[in-house]
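Side chains included, hydrogens not; waters and symmetry mates left out as well; all remaining heavy atoms used.
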Amino acid sequence: MFSGRKERTEGELPLPEKSNETVFSLANQPAGLETRRFVLIVAVFLSTAFAALLPFAGTPMPEFSAFVPSSAAVVLINDLITAVLLYAQCAIAPSRSFLLLASGYLFTALIMIPHALSFPGAFTATGLIGAGPQTAPWLYFSSHLVSPAVLLGYARLKDVDRPSASRPSSTRSQISVSVVAVVAFVCGLTLMIAEGSQYLPAILTDRTHTIPVHLVIINISIIAIAATAFAELWSRRRTVLDYWLMLISVALIQEQVFFALGAARFSLGCYAGRVFSLIASVIVLILLLQETTRLYARLAHAYAAVERERNNKLVNAEAITASIVHEVRQPPTAIAVSGVAALQYLKRPSPDHEKVRDALNRMIGESHRTSEVLDGIRSMFGRADQKQEAVDVDEIVRDVLEAVNADLMENGVTAYPEFAELPLVDCHRNQLQQVIYNLVQNALEAMQTVAGRKRAPRVRTECRSGGAVAVVIEDSGPGINPSQVENIFGTFVTTKPHGMGLGLAICRQIVERHGGELVAYSDGSSGAQFRMVLPVRQDKNSISGS
């Protein structure tokens, strides 16, 4: 019923276009095939029973005085709950049509109180609240005149009154005014009928028999209004509620036909009419509760989805922030190391100006690399097209090894590069440099965790068949558990005590964006190997760089 596909039969109005703000309300829930079938089944059941009982509508039945207050109590509870549900829908999505419908149900619920109290034989022989013989029937028919009029008003308003979000205080005030107005109307109508029943046309000649002419006029009036309401609802049918209100209109028409043909207060038609009305009202209440529960479940799922999306955005924001910290931290560290070295060279009795110059050049280079790292991160997380160029992978590897040379020397590590003559590769230079830098740094850090083993990272480039180049970085560290090799590329997965688990995830993301792949191999004891494969530049004029 709440699937994305909206079923619509010929003659139904299309659903209104969704606004930018989704409002979960009974006013905009489309009636699916299941709903239409169920309404049809109930309508067929009522119509079959109606046709079977209609010839016997005038059959006198035993007087059962307790039936009226009992049925009135059921109507009171049923319609009061329905009114509360409809007012709740108004609070969610304010709508004049729903406010009118809720007011109508509240009226039919409250009017049952004076009707039951004034019915002769229910509590006293003549009824309570100063009632006369015409009070109870006029109160009852008043509710039946208001009910179809409310349905007609709802049908006229619902297509020009879209539900939308509103200020809670404004909605509460409208609902409060509606409740106060209905209570005042019920009290005023009860007082007017009880005190002025002698001025109203008589419906009963005695306690049980009716005046056919007046009864027929009243019933025809109610049937006419109910039939008009049914026609308006049919021409504007669209939502679940529309179909069930059409069923109420049909039940109301059948009830009035029974009353018109019964011609007596305790006839079969009189009992059957009330039972038909009760059945339809109870079924509608059950369906309203069911649809309200579904709306709640849908709203709960939507809220959970919003929470998940919010958490995902927070995680993404944290990942971006952590990525920036992870990448930007390394160049300043190298700058600081080079600065300390330059100061040490200057403090010597005979300053080594050549080494000072090299240290300063490394500081300048690392400063530029900081800017390049930030540009790379911006292009990686941004939506702008990445600017690619033809680059020599061997040259980038040499630049990286030169940048980390101080760290290698400080840790007593010697790198053994092996270069092949590679064709040019189309890529984002800064990002490719960032990947190789991270892989070399990871190799260096891995070798720092072992003792008594030759610490010599191997870095080599290869020309692969099928138009691809490869950069292979091997270390002599502790290795990686073979069962966990693929997992190390996951976000926030790390084997370092103070690692963030972002470096390898970002590296693989960069390589895959360049149409390549980054994989790892390890036997779990004698180091690890990382292999980056990239497609070569699709240009017949490309030359090898060396």
Distance from [X] atom [atom1] to [Y] atom [atom2], nearest 0.5 Å?
X: I225; Y: Q256; atom1: CD1; atom2: CD; value: 10.0 Å
X: L53; Y: T48; atom1: CG; atom2: OG1; value: 10.5 Å
X: M112; Y: L80; atom1: CE; atom2: CG; value: 13.0 Å
X: L247; Y: L40; atom1: CG; atom2: CG; value: 10.0 Å
X: L101; Y: Q89; atom1: CG; atom2: CD; value: 11.0 Å
X: L76; Y: S71; atom1: CG; atom2: OG; value: 11.0 Å

No-hydrogen, no-angle side-chain donor-acceptor test under 3.5 Å, N78 and Y105: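 Result is no, nothing qualifies.
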Assess, by modelled atom type and distance only, whether the side chains of D79 and T82 contain a donor and an acceptor separated by less than 3.5 Å.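 There is no such pair between these side chains.
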Go through L268 and F258 one step at a time and tell me if the side chain to side chain contact (heavy atoms under 4.5 Å, CB included) criterion holds. CA-CA 8 Å; L268 178 63; F258 273 132; over 6 Å; no
Answer yes or no: is there a donor N or O on one side and an acceptor on the other, between the side chain of [X] and the main chain of [Y], under 3.5 Å?
X: K158; Y: R236; result: yes
X: R508; Y: L518; result: yes
X: S235; Y: E232; result: yes
X: S47; Y: A43; result: yes

Answer whether the closest heavy-atom distance between the side chains of [X] and [Y] falls below 4.5 Å.
X: R238; Y: Y243; value: no
X: H514; Y: L432; value: no
X: V150; Y: T108; value: no
X: N438; Y: L504; value: no
X: Q431; Y: R513; value: no
X: S103; Y: Y87; value: yes
X: S147; Y: L151; value: no
X: L252; Y: E255; value: yes

Which pair of non-hydrogen atoms, one from [X] and one from [Y], has the smallest distance, and what is that distance?
X: A102; Y: A83; result: O-CB, 3.7 Å
X: Y154; Y: L100; result: N-CD2, 3.7 Å
X: L99; Y: C90; result: N-SG, 3.3 Å
X: I193; Y: S142; result: CD1-OG, 3.7 Å
X: S249; Y: A229; result: OG-CB, 4.3 Å
X: S95; Y: S97; result: OG-OG, 2.8 Å

Using the side chain to side chain contact (heavy atoms under 4.5 Å, CB included) rule, take L233 and L152 through it: C-alpha gap first, then chi angles, then the decisive distance, then the call. CA-CA 8 Å; L233 288 168; L152 180 59; over 6 Å; no
Below 30° counts as parallel, above 60° as perpendicular, anything between as tilted: where do the rings of Y140 and H115 land?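 Y140 and H115: tilted rings.
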Do the rings of F230 and W234 sit parallel, tilted or perpendicular, given the 30° and 60° boundaries?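 Parallel, since the angle between the ring planes stays under 30°.
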Before giving the answer on side chain to side chain contact (heavy atoms under 4.5 Å, CB included), spell out for L106 and V179 the whole-Å C-alpha distance, their side-chain angles and the decisive distance to 0.1 Å. CA-CA 8 Å; L106 181 60; V179 172; 4.2 Å; yes
Mind checking what makes ring pair (Phe, Tyr, Trp, His ring centres under 6.0 Å) contact with F38, not counting sequence neighbours?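 Per chain and number, F38 pairs via ring pair (Phe, Tyr, Trp, His ring centres under 6.0 Å) with W244.
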Residues M532, V435; criterion side chain to side chain contact (heavy atoms under 4.5 Å, CB included); working and verdict: CA-CA 9 Å; M532 177 181 67; V435 171; 3.8 Å; yes
